[in-house]
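Working notes, beginning with the structure itself.
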Amino acid sequence: MDKLIIRGGRRLEGEIRISGAKNSALPILLSSLLTDERVIISNVPHLHDITTSLTLLGNMGAEVVIDEKLNVEVDPSTITSQTAPYELVRTMRASILVLGPLLARHGRASVSLPGGCAIGSRPVNIHIRGLQEMGADIVVENGFIEATTHGKRLQGAEIDLGMVTVTGTENLMAAATLAKGTTLLHQAAKEPEVVDLANYLNTLGARIEGAGSDHITIHGVEQLTGGHYRVMPDRIETGTYLIAAAITGGRVKLKDTDPTLLTVVLEKLQETGATIRCGSDWIELDMEGKRPKAVDLVTAPYPDFPTDMQAQFTALNAIAQGSGKITENVFENRFMHVQELQRMGAKIELSGSSVTVHGVESLTAAPVMATDLRASASLVLAGLVARGNTVVDRIYHIDRGYETIEEKLAQLGASIRRVPGNYKGQVVREGSASE
Ligand code: EPU
């Protein structure tokens, strides 16, 4: 298992480009199972979760070709299996996104039930109930979701999801594209990734209306065609690099992104004292060498503050002026980074679903490790400002969601390098004198 070594204390400056969105590319690639024709997806990020998705499609019999520009071409006409095995679902919960497309196109699916994970129990009951309401017969046996339509088409239905679920909305929306009749999804997730998936499916001939609102209408069609689609920019990667600039007092310009996807995140960053300028596909943040001010925030489904940016703001508050209260309302266990940040000298009090972070002037390096993707990102951010060499272990979490993070941070001037898992280098602790 590789590690990252970060020598803190450098102010980040420069320009980098933002990759395609992981959480769009995953449902887009996996819902290619809805058609029999070739699709070409561009701006696909080079990430472990993408490799897992392509392996999943390949295992089912789809032909997958990646060209030199990282366009991914999927030919699903050769599918012979409708099974998502435990070995793959275990490493990537988003594998559940094959359930709706397989059932809608092939009339059956056998998908390993994802277990709980580091950020919460994360059940998939709403995915299952919605498909049952569309006429599927589903049982959970031996750890697998066994679903069949008994050779019939799914039926359009009026489904109230009951709570906001991103992949739940995506699974049901995708399945409904081939259902007989019209499906109405109430309390649908409004996340931009849901809209991106709807736009993709519509380019293949689906008839989806209202994506991005609480109510999505899907008029079922007999079949989908092939097509070409470009994945939207990754708003969470964008936000993470903006924080990297803010936490180090630096200035970065991020290209190939979309500021309209990050309205509340940009507002929070302005509250920290950063100056932000935007164009249609770029964002520049300038902290002018200042120490950020701590902010309060509450996570909630889009368009409110994203849970996937919570850990990074916790790291920012850790070195900010003043105290900030952060409340996590989406996942019940998403504060695993707090103990690691405390080991670096952060002053954080945890109480139920909130933390209060009292900013300190500086953090100190420590060997740290994280249990999920965004928590790992927060430790890298903390490492950028800690005195000494921070060693972040278990970075396979980061590789699931951040394309070449060490190259991008190095391009902005960070001192960071990847070392193999057996690295035994010393963790250098600096004295309290400022550098
Ligand atoms: N939930 C249920 N039942 C369900 C589905 C969800 O109770 O059937 C609950 C969950 O336990 C959770 C809440 O609903 O408490 C919201 O979960 P959601 O289903 O929206 O999460 P998800 O679809 O599994 C996606 C992203 C996550 C992101 C969340 C919230 C993908 C592949 N994953 O997960 O991304 O945190 O939405 O925005 O799109 C990440 O990228 O690091 C990541 C974890």
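Indexing begins at 1, ligand by ligand and atom by atom, following the structure's order. Throughout, residue positions are numbered sequentially from 1 according to the sequence presented.
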In terms of residue, atom name and distance, what is the protein heavy atom nearest to [atom]?
atom: atom 21 (O) of ligand 1; answer: F331 CZ, 3.8 Å
atom: atom 32 (C) of ligand 1; answer: N23 OD1, 3.4 Å
atom: atom 23 (O) of ligand 1; answer: T167 OG1, 2.6 Å
atom: atom 34 (O) of ligand 1; answer: R122 NH2, 3.2 Å
atom: atom 41 (O) of ligand 1; answer: R374 NH2, 2.7 Å
atom: atom 3 (N) of ligand 1; answer: N125 OD1, 2.8 Å

Donor-acceptor check, side chain of [X] to backbone of [Y], threshold 3.5 angstrom: yes or no?
X: N202; Y: I208; answer: yes
X: N171; Y: I96; answer: yes
X: N317; Y: V295; answer: yes
X: E403; Y: D399; answer: no
X: R105; Y: S32; answer: no

For ligand 1, is any non-hydrogen atom under 4.0 Å from [X]'s backbone (N, CA, C, O), its side chain (CB onward), both, or neither?
X: L97; result: neither
X: K22; result: side chain
X: D308; result: side chain

Step through the shown structure and confirm whether more than 12 heavy atoms of other residues, nucleotides or ligands are within 6.0 Å of [atom1] on [X].
X: H228; atom1: NE2; result: yes
X: E332; atom1: CD; result: yes
X: Y86; atom1: OH; result: no

Min N/O separation [X] to ligand 1 under 3.5 Å:
X: T307; result: no
X: I126; result: yes
X: E170; result: no

Q) For atom 44 (C) of ligand 1, which of R334, R400, E191 has the closest heavy atom? A)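 Looking at heavy atoms only, R334 sits closest to atom 44 (C) of ligand 1.
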**Q.** Nearest neighbour of atom 19 (O) of ligand 1 from the list T165, L373, D372, on a heavy-atom basis
**A.**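 The nearest heavy atom belongs to T165.
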Q. V166 heavy atoms, cut-off 4.0 Å: which ligand 1 atoms fall inside?
A. 18 (P), 19 (O), 20 (O), 23 (O), 25 (C), 37 (O), 38 (O)
Q: Using a strict cut-off of 4.0 Å, indicate which atoms of ligand 1 neighbour a heavy atom of V330.
A: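 So the answer, numbered in order with elements, is 12 (C), 13 (C), 15 (O), 16 (C).
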**Q.** Derivation of the side-chain hydrogen bond (donor to acceptor under 3.5 Å, both in side chains) call for Q187 and H215
**A.** CA-CA 6 Å; Q187 223 175 313; H215 303 284; over 6 Å; no
(Q) Would you compute the distance between atom CD1 of I79 and atom CG of L57 and round it to the nearest 0.5 angstrom? (A)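 It comes to 6.5 Å.
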Q) M163 near ligand 1, heavy-atom distance under 4.0 Å? A) yes
Q) At the 4.0 Å heavy-atom cut-off, does P123 count as touching ligand 1? A) yes
Q: Would you sort out whether F305 and F313 count as a ring pair (Phe, Tyr, Trp, His ring centres under 6.0 Å), showing the intermediate values?
A: CA-CA 11 Å; F305 191 90; F313 268 87; 5.2 Å; yes
